[in-house]
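Here is the structure we will look at.
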Amino acid sequence: MKGSNSDLFDPRTEMESVYSRGASSSDGDFGFAFNDVNFSDRLLRIEIMGDSPDNGSDGEGCTSIADWARHRKRREDISRRTMATRSVHQCMFPFHALSLTDLRKSEWAVEVSVGAEEQILSCNQPDMDDCVGCENQDEEAVAMMEQSPSGDEAVDGNEPAWNMDCSTVVRVKTLHISSPILAAKSPFFYKLFSNGMRESEQRHVTLRINASEEAALMDLLNFMYSNSLSNTTAPALLDVLMAADKFEVASCMRYCSRLLRNMAMTPESALLYLELPSSVLMAEAVQPLTDAAKQYLASRYRDMTKFQEEVMSLPLAGIEAILSSDDLQVASEDAVYDFVLKWARAQYPRPEERREVLGQRLARYIRFPYMTCRKLKKVLTCSDFDHDVASKLVLEALFFKAEAPHRQRTLAAEESASLNRRFVERAYKYRPVKVVEFELPRQQCVVYLDLKREECTNLFPSGRVYSQAFHLGGQGFFLSAHCNMDQQSSFHCFGLFLGMQEKGSVNLAVDYEFAARTKPTEEFVSKYKGNYTFTGGKAVGYRNLFAIPWTSFMAEDSLYFINGVLHLRAELTIRH
């Protein structure tokens with residue numbers, strides 16, 4: 001048994017207890033009591049304010065998510081302009097204020113009729129920051145409202161000037177409500193009916209809403225009795241979801257979220273779900289929906305090269321969803337970094353805005369530890385990043401590269417459950433390598449390439465995997481691992497090759513040596529030495545590096561897989 005009533009509305013408790021079983025019959029179906037005087041103890045008056053001609057109901061005439069989004073954006077733009085005007089009027093006529101913080105969600109203005117028979121809750125959303133000249137700034141300003149007319153009749157538009165609403169009440173709906181039912185479903189109503197103030201003892205409550213919110217509110221109130229919705233189109237569900245967020249009806253938010261998640265998703269709808277309001281309750285209630293939207297976008301744009309124009313036009317939320325994926329089909333993390341810069345420069349022309357977005361939002365999704373050292377040097381001098389931010393990112397990446405392999409795996413495992421996943425390796429087209437470079441006494445580099453057992457398995461019967469590029473003597477090189485046929489014995493085997501990227505007609509004489517860690521010592525053992533004069537696009541290596549068939553190489557007792565990883569090393573030295 002709960003120790004106090006306040007625990008009933010702890011968001012996590014509500015989520016686990018209510019939505020873990022969904023809005024099912026176990027919650028109790030009180031649909032028979034909806035608007036029935038015999039099962040009600042209060043009267044709810046809904047005063048519906050007139051919208052501007054361009055500001056109709058969110059769901060009216062909307063047959064798709066796209067229609068709903070366009071309509072809502074237009075309505076919000078109009079609302080912002082209206083509220084700016086309203087804030088000016090409120091500042092010109094400051095009235096006595098009462099503090100009702102516990103009754104008000106941050107986006108909702110609660111207006112109380114002092115000494116009247118009913119309390120009026122206005123569902124408008126004024127911008128209090130604009131009201132610079134208002135008095136009583138330490139309390140929530142609650143303007144005294146003139147007593148509204150009773151009955152279901154439309155209200156005369158000639159209201160006194162001090163009733164600072166730019167619209168007029170066009171009609172009134174009256175419903176019989178049960179305060180226990182509403183309080184059980186909503187912390188908003190629970191606090192309203194049990195705050196200990198005189199208003200909580202009154203039998204009449206008035207909600208003042210815009211006409212565009214009427215259908216959603218009626219559906220929400222019906223849901224609080226019946227645990228079901230009659231209109232389950234996507235636009236209608238989104239309207240109800242927004243209303244449920246404002247009135248803190250977590251069970252309805254989960255219900256809407258589940259129905260939306262089961263609908264076919266599009267890039268437009270996925271982006272809309274990711275840009276829903278970010279209140280704490282909303283964020284937790286729609287988490288499965290936003291997770292599904294992220295997965296949809298990450299899967300659709302896994303190969304970004306196929307949708308370059310489309311991806312470049314995505315908003316920030318869409319880019320974050322794509323970059324958070326481990327399964328991006330990209331050549332390397334260098335390519336991810338280049339894409340992020342290109343997108344940010346196109347979307348944020350102003351350098352200061354671009355630096356803020358990159359530093360505070362997008363940098364966390366770039367996995368700098370898997371970028372090449374050459375690219376990391378460019379990060380330090382990139383003007384798109386704040387210098388301190390860039391320095392921190394590069395240092396963290398270099399420290400990770402310097403860690404022992406087992407320590408890197410530990411860091412990646414610890415990070416795998418986080419949102420950033422900066423130490424988790426993606427499925428790159430070109431495998432990351434570790435490179436140690438020397439200038440003296442000769443130009444030389446030592447390259448380490450690790451391949452997982454499953455990566456090697458996928459090479460059979462004729463596959464190949466390439467490493468990221470590394471540089472020596474001003475030229476780019478790469479390693480490639482192959483499953484190929486041994487020319488003499490006619491069986492499959494593991495081969496390793498060294499290639500130079502095509503770059504002009506440069507000739508470069510190189511001594512090279514291939515080695516692999518081998519059980520039981522787990523030390524590197526040399527497997528092949530050679531020398532070659534490279535020209536652009538040429539490669540050299542050994543078709544059967546371990547001189548054994550593929551089946552022996554891949555066997556459970558193979559000498560070359562240590563904890564499921566094949567450790568290869570290539571040492572290159574320029575010959576003079």
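All residue numbers in this chain count up from 1 along the given sequence.
The shortest non-hydrogen separation linking Ala270 to Met265 is CB-SD, 3.8 Å. Here the closest non-hydrogen pair linking Tyr370 and Gln468 is O-NE2, 3.4 Å. Heavy atoms only, all atoms of each residue included: Ser251 and Phe223 are closest at OG-CE2, 3.6 Å. Nearest heavy atoms, Cys256 versus Val240: SG-CG1, 3.8 Å. Summarising the geometry of Ala390 relative to Leu380, their closest heavy-atom pair is O-CD2, 4.1 Å, with the distance given to 0.1 Å.
Using a 4.5 Å heavy-atom threshold, the side chains of Tyr273 and Leu238 count as touching. The shortest side-chain heavy-atom distance between Leu217 and Leu207 falls under the 4.5 Å cut-off. A 4.5 Å side-chain heavy-atom check between Leu274 and Leu297 finds at least one atom pair inside the cut-off. Two residues are said to be in side-chain contact when any heavy atoms from C-beta on lie closer than 4.5 Å; Leu241 and Leu276 meet this criterion. Between Tyr348 and Trp343 the shortest side-chain heavy-atom distance falls below 4.5 Å. Using a 4.5 Å cut-off on side-chain heavy atoms (C-beta onward), Met304 and Gln329 make no contact. Residues Met224 and Phe189 meet the side-chain proximity criterion, which asks for heavy atoms closer than 4.5 Å. No side-chain heavy atom of Val330 sits under 4.5 Å from any side-chain heavy atom of Phe339.
One distance of note links CD1 of Ile48 with CE of Met218; it measures 8.0 Å at 0.5 Å rounding. Taking CZ of Phe247 as the start and CG of Leu192 as the end, the distance is 9.5 Å to the nearest 0.5 Å. For the atom pair CG (Asn231) and CG (Asn222), the distance works out to 12.0 Å, reported to the nearest 0.5 Å. In this structure, CG on Asp338 lies 10.5 Å from CD on Glu333, to the nearest 0.5 angstrom. Note that CG of Asp219 and OG of Ser228 are 10.0 Å apart. Values are rounded to the nearest 0.5 Å. With rounding to the nearest 0.5 Å, the separation of CG in Leu260 from CG in Asn262 is 9.0 Å.
Formation of a donor-acceptor pair under 3.5 Å by the Arg300 side chain with backbone atoms of Pro267 is not found in this model. Distance alone, capped at 3.5 Å, is enough to place a donor-acceptor pair between the Thr290 side chain and the Val286 backbone. A donor-acceptor pair is defined here as one N or O able to donate and one able to accept, closer than 3.5 Å; such a pair exists between the side chain of Ser194 and the backbone of Tyr190. Proximity of a side-chain donor or acceptor of Asp334 to a complementary backbone N or O of Thr372 within less than 3.5 Å is detected. The backbone N or O of Ser383 lies less than 3.5 Å from a partner atom in the side chain of Arg355, making a donor-acceptor pair. Without hydrogens or angle criteria, Ser186 side chain to Phe188 main chain gives a donor-acceptor distance under 3.5 Å. With hydrogens and angles ignored, the 3.5 Å screen pairs a side-chain donor or acceptor of Ser391 with a backbone N or O of His387. Panel note: side chain Asn210, backbone Ser212; no donor-acceptor pair is recorded below 3.5 Å.
A salt bridge is defined here as a Lys NZ or Arg NE, NH1 or NH2 lying under 4.0 Å from an Asp or Glu carboxylate O, and Glu425 with Lys452 fails to meet this definition. A salt bridge links Lys246 with Glu213: the closest approach of a Lys/Arg side-chain nitrogen to an acidic carboxylate oxygen falls below 4.0 angstrom. Taking 4.0 Å as the cut-off between side-chain N and carboxylate O, Lys173 and Glu47 do not count as a salt-bridged pair. Under the 4.0 Å criterion applied to side-chain N and carboxylate O atoms, Arg354 and Asp384 are assigned as salt-bridge partners.
Ring pair Tyr337/Phe385 is parallel by interplanar angle, where below 30° counts as parallel and above 60° as perpendicular.
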Under 3.5 Å, which donor-acceptor pairs do the side chains of residues 313-323 form with other protein atoms, sequence neighbours left out?
residue: Ser313; atom: OG; partner: Glu310; partner atom: O; Å: 2.8
residue: Glu320; atom: OE1; partner: Arg361; partner atom: NH2; Å: 3.0
residue: Glu320; atom: OE2; partner: Arg361; partner atom: NE; Å: 2.8
residue: Glu320; atom: OE2; partner: Arg361; partner atom: NH2; Å: 3.3

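Partners of Asp326 by side-chain hydrogen bond (donor to acceptor under 3.5 Å, both in side chains), not counting sequence neighbours, listed by chain and number: Arg367, Arg421.
Around atom NZ of Lys378, no more than 12 heavy atoms belonging to other residues, nucleotides or ligands sit under 6.0 Å away.
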